[in-house]
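All remarks here apply to the structure that follows.
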Amino acid sequence: MRKHRTAMVVIALAVLVMCSPLLLNNHALLGVDGYFQYNRIYEAALQLKNHNFSFINLYSFQQAGRVVNSLYSPLITYIAGALLLLVGNWFRFQILSLAIVYFTSGMLMYAASQRLHFSKRVSIALGVIFLSSNVVYGFLFGVTWRSIAFGLLPLLVGPILDLYAGKWELLPMLKLGVYIGLLAQFQILTVALVLPFLVPFFIHGLWQTKFEVSGLLNFVAAVLLAVLLSLDTILPLLEVYRGNTLIPPVAMDMAPNASLIFQPIYNGVDSNSDIVLTIIVYALLTGLAVFWRRLTPFTKLFATVSMVYLVIGTTLFPWDLMQKSFPLLQSFLQMPRRITLIGTPFMLLAAVLVYREVANTQTSETLHRGIGVAATCLSLISLILCTQKVSQNVHFTIADSTPLAQGLQTADDNVHSRLKYIKQLQPAFHTRKLGQLIDDVDRTTPDYVPVTHKVETHANVYHAYTRNFSQQKSRFKHQVIRDGIKLTWHAKHAKVQTLPVVAYRRTVLVLNGKRVTSAQIKHHWIGNIGLKQRRGKNVLIIRYQSSFVTKLGTVLAIVAWIGVLIAWPITIRRSRRSAAAQE
């Protein structure tokens with residue numbers, strides 16, 4: 001702690017500066033993914049508070065019996081829910097969660113730089129550049145969950161070095177398994193995108209170890225550990241996707257959503273701090289072209305793989321042809337710039353590696369100082385530009401005339417609320433009534449809803465979901481019961497009643513005391529169902545019966561994470577004692 005005190009103070013101050021427009025105005029931001037993520041966190045908080053745990057969402061997402069939390073970062077969402085309960089309102093939660101995410105991402109980049117033996121000054125500067133870059137600032141502007149996973153990517157620098165050097169002892173390999181398992185807890189897609197990055201270093205290390213059996217077994221152990229730690233995220237996905245046809249994430253035109261990292265003039269981006277990344281990437285390209293022969297094999301490989309990721313995420317890659325040949329990518333990957341964002345933290349490190357090695361070969365103290373000065377200046381520019389954009393967003397959403405939908409970065413038809421302006425939402429952030437923020441606005445997010453046939457998620461799906469769920473919910477009385485939801489309504493006639501409820505293959509429905517069979521359910525194309533009601537009072541109980549395998553896998557994953565949390569500090573302490581003894 002004493003050794004890295006300066007880094008911790010500087011990075012903490014950088015986070016404070018970036019969040020200062022929120023603090024000074026006592027104002028919260030929500031953005032494009034805000035309601036989706038905050039509904040999930042609210043759900044986890046209420047399940048924890050009421051000790052009422054369920055595979056389906058009980059308190060959120062129109063109380064329609066949807067499965068959301070179980071499919072998307074369940075364990076981390078419970079931790080976020082516990083934090084929300086602890087701090088007591090949404091504004092404090094937002095500030096604290098931003099501080100945790102950005103301080104952690106900055107310190108991880110600092111630690112990765114130190115692992116590569118950069119100077120403390122350069123390491124701190126890279127940490128500030130990283131936390132104010134487009135890799136992670138989406139969590140501030142739009143509560144994009146992937147930004148948290150991307151913020152953890154510098155963790156992989158150590159395993160990359162170990163893989164490349166053939167250091168395939170058990171402990172380094174198990175660390176790799178833990179890091180991959182941790183990324184999976186936040187977002188499976190991030191794991192799918194980052195694993196190919198590791199392949200070249202794996203192949204080189206395999207050659208270095210001469211296919212040594214013990215090393216391969218250690219690597220297999222790492223793979224198995226990563227899978228074990230990820231069972232709580234993998235098995236629910238397999239269960240729900242295997243037995244149902246689900247509404248996919250919105251299909252996007254891929255080329256317009258490619259990265260602009262090679263474009264030196266930015267218009268319409270989230271933050272002009274992106275220009276710093278453009279400067280660095282061109283500096284890296286120049287360094288590779290001019291000094292290639294002076295670079296070590298590791299630096300060549302590390303920089304090349306990073307640049308490949310950056311290029312693939314831009315329109316230099318034929319994304320129009322790709323989406324025509326593989327239409328599924330429009331919903332699965334959606335935005336090619338995600339690939340560039342995966343490579344960006346490694347690109348930052350590669351740029352410094354290149355010029356540091358040139359300085360070492362020339363034994364040039366001037367060049368070494370120049371690297372430090374350049375890194376410091378770029379970090380200040382990045383932080384100032386990002387903070388300026390935060391201030392602009394606060395000004396936009398604090399204005400009396402900013403419509404609610406624009407403040408949430410969506411279309412008018414995707415918001416169902418009595419509020420007209422985004423400013424009217426601010427009181428909900430500051431009250432201890434956590435449900436007020438969720439109840440004041442119903443933001444249409446039809447992800448993971450079971451439907452009768454495959455659909456492309458465009459505006460018609462959002463409109464239909466709003467009409468059949470958000471606008472219909474008030475016609476029925478919703479009550480949360482143990483591990484389920486109870487709907488009550490009164491009918492004048494016995495007929496098929498359309499309900500704002502979904503039914504997965506394992507959903508258990510009990511209508512007026514009798515279990516509903518699949519043949520009795522009328523499924524509509526948007527996911528809502530119809531049931532034969534009786535005249536007078538009707539009561540429908542909604543529950544979900546997950547499989548034994550999914551339950552067992554979730555328990556095993558939680559136990560494994562508890563084991564990791566216990567073993568980790570013990571392992572670190574022993575490693576330090578061993579290193580001290582060798583000195």
(request) Taking N26 for its side chain and L22 for its backbone only, find out whether a donor-acceptor pair lies under 3.5 Å. (result) no
(request) Measure across M307 and L288 and return the closest heavy-atom pair with its distance rounded to 0.1 Å. (result) CG-CD1, 4.2 Å
(request) Evaluate the ring planes of Y164 and H204, with Trp represented by its six-membered ring, and classify them as parallel (under 30°), tilted (30 to 60°) or perpendicular (over 60°). (result) parallel
(request) Grab the two heavy atoms, one from L229 and one from D232, that are nearest each other, plus how far apart they are. (result) O-OD1, 3.4 Å
(message) Checking the side chain of Q323 only, and the main-chain atoms of M254 only, is there a donor and an acceptor separated by less than 3.5 Å?
(response) yes
(request) Would you check if the side chain of T314 reaches a backbone N or O of L316 as a donor-acceptor pair within less than 3.5 Å? (result) yes
(message) Can you confirm whether or not the ring centre of H4 sits under 6.0 Å from the ring centre of Y110?
(response) yes
(message) I'd like to know whether S132 forms a side-chain hydrogen bond (donor to acceptor under 3.5 Å, both in side chains) with S382, so could you lay out the CA-CA distance, the side-chain angles of the two residues, the decisive distance to 0.1 Å, and finally the verdict.
(response) CA-CA 6 Å; S132 56; S382 183; 2.6 Å; yes
(request) Output, in order, the C-alpha distance, side-chain angles, deciding distance and verdict of side-chain contact (heavy atoms from CB on, under 4.5 Å) for M109 and L348. (result) CA-CA 9 Å; M109 177 56 79; L348 294 174; 4.2 Å; yes
(request) Examine distances only and state if a side-chain atom of Y35 and a backbone atom of L437 form a donor-acceptor pair shorter than 3.5 Å. (result) yes
(request) Would you confirm whether Y102, through its side chain, and A12, through its main-chain N or O, come within 3.5 Å as a donor-acceptor pair? (result) no
(message) Evaluate D33 against Q409 for side-chain hydrogen bond (donor to acceptor under 3.5 Å, both in side chains), listing each step before the verdict.
(response) CA-CA 9 Å; D33 283 349; Q409 302 172 12; over 6 Å; no
(request) Could you tell me whether the side chain of Q37 reaches within less than 4.5 Å of the side chain of Y72, counting heavy atoms only? (result) yes
(message) Please check: side-chain N/O of T361 versus main-chain N/O of V358, any donor-acceptor pairing under 3.5 Å?
(response) yes
(request) Tell me, with the steps shown, if W561 and L182 meet side-chain contact (heavy atoms from CB on, under 4.5 Å). (result) CA-CA 9 Å; W561 276 112; L182 181 61; 4.0 Å; yes
(request) Please test R146 against F186 for side-chain contact (heavy atoms from CB on, under 4.5 Å), starting from the C-alpha separation and ending with a verdict. (result) CA-CA 7 Å; R146 69 173 181 271; F186 288 93; over 6 Å; no
(message) Just checking K175: does its NZ atom have more than 12 heavy atoms from other residues, nucleotides or ligands closer to it than 6.0 angstrom?
(response) no
(request) With sequence neighbours left out, write down each residue that passes salt bridge (Lys or Arg N to Asp or Glu O under 4.0 Å) with D162, or none if nothing qualifies. (result) R115
(message) Show the nearest heavy-atom pair for residues L383 and A14, with the distance to one decimal.
(response) CD1-O, 3.5 Å
(message) Can you see whether N25 engages H395 through a side-chain donor-acceptor pair at a distance of less than 3.5 angstrom?
(response) no
(request) Only counting residues at least two apart or in another chain, list the ones meeting side-chain contact (heavy atoms from CB on, under 4.5 Å) with L189. (result) Q187, L193, F332, R338
(request) Could you verify whether a donor N or O on one side chain and an acceptor N or O on the other, from T376 and R121, lie under 3.5 Å apart? (result) yes
(request) For this output row, return yes or no: ring centroids of F197 and Y309 closer than 6.0 angstrom. (result) yes
(request) Answer with yes or no after comparing the ring centroid distance for F219 and F202 against a 6.0 Å cut-off, counting only values under it. (result) yes
Donor-acceptor list for residues 75-84 side chains, cut-off 3.5 Å, not counting sequence neighbours:
unit_1	atom_1	unit_2	atom_2	d
T77	OG1	R40	NH1	2.6
T77	OG1	S73	O	2.5
Y78	OH	Q47	OE1	2.6

(message) Within the 4.5 Å heavy-atom criterion, are F262 and L285 side-chain neighbours or not?
(response) yes
(message) Between S230 and T233, is there a side-chain heavy-atom distance shorter than 4.5 Å?
(response) yes
(message) Going by side chain to side chain contact (heavy atoms under 4.5 Å, CB included), P200 matches just one of T304, L163, L301, V308. Which one?
(response) L301
(message) Determine whether the aromatic ring centres of residues W319 and F326 are separated by less than 6.0 angstrom.
(response) no
(message) Quick check: closest heavy atoms across L284 and A303, and the distance to 0.1 Å?
(response) CD1-CB, 4.2 Å
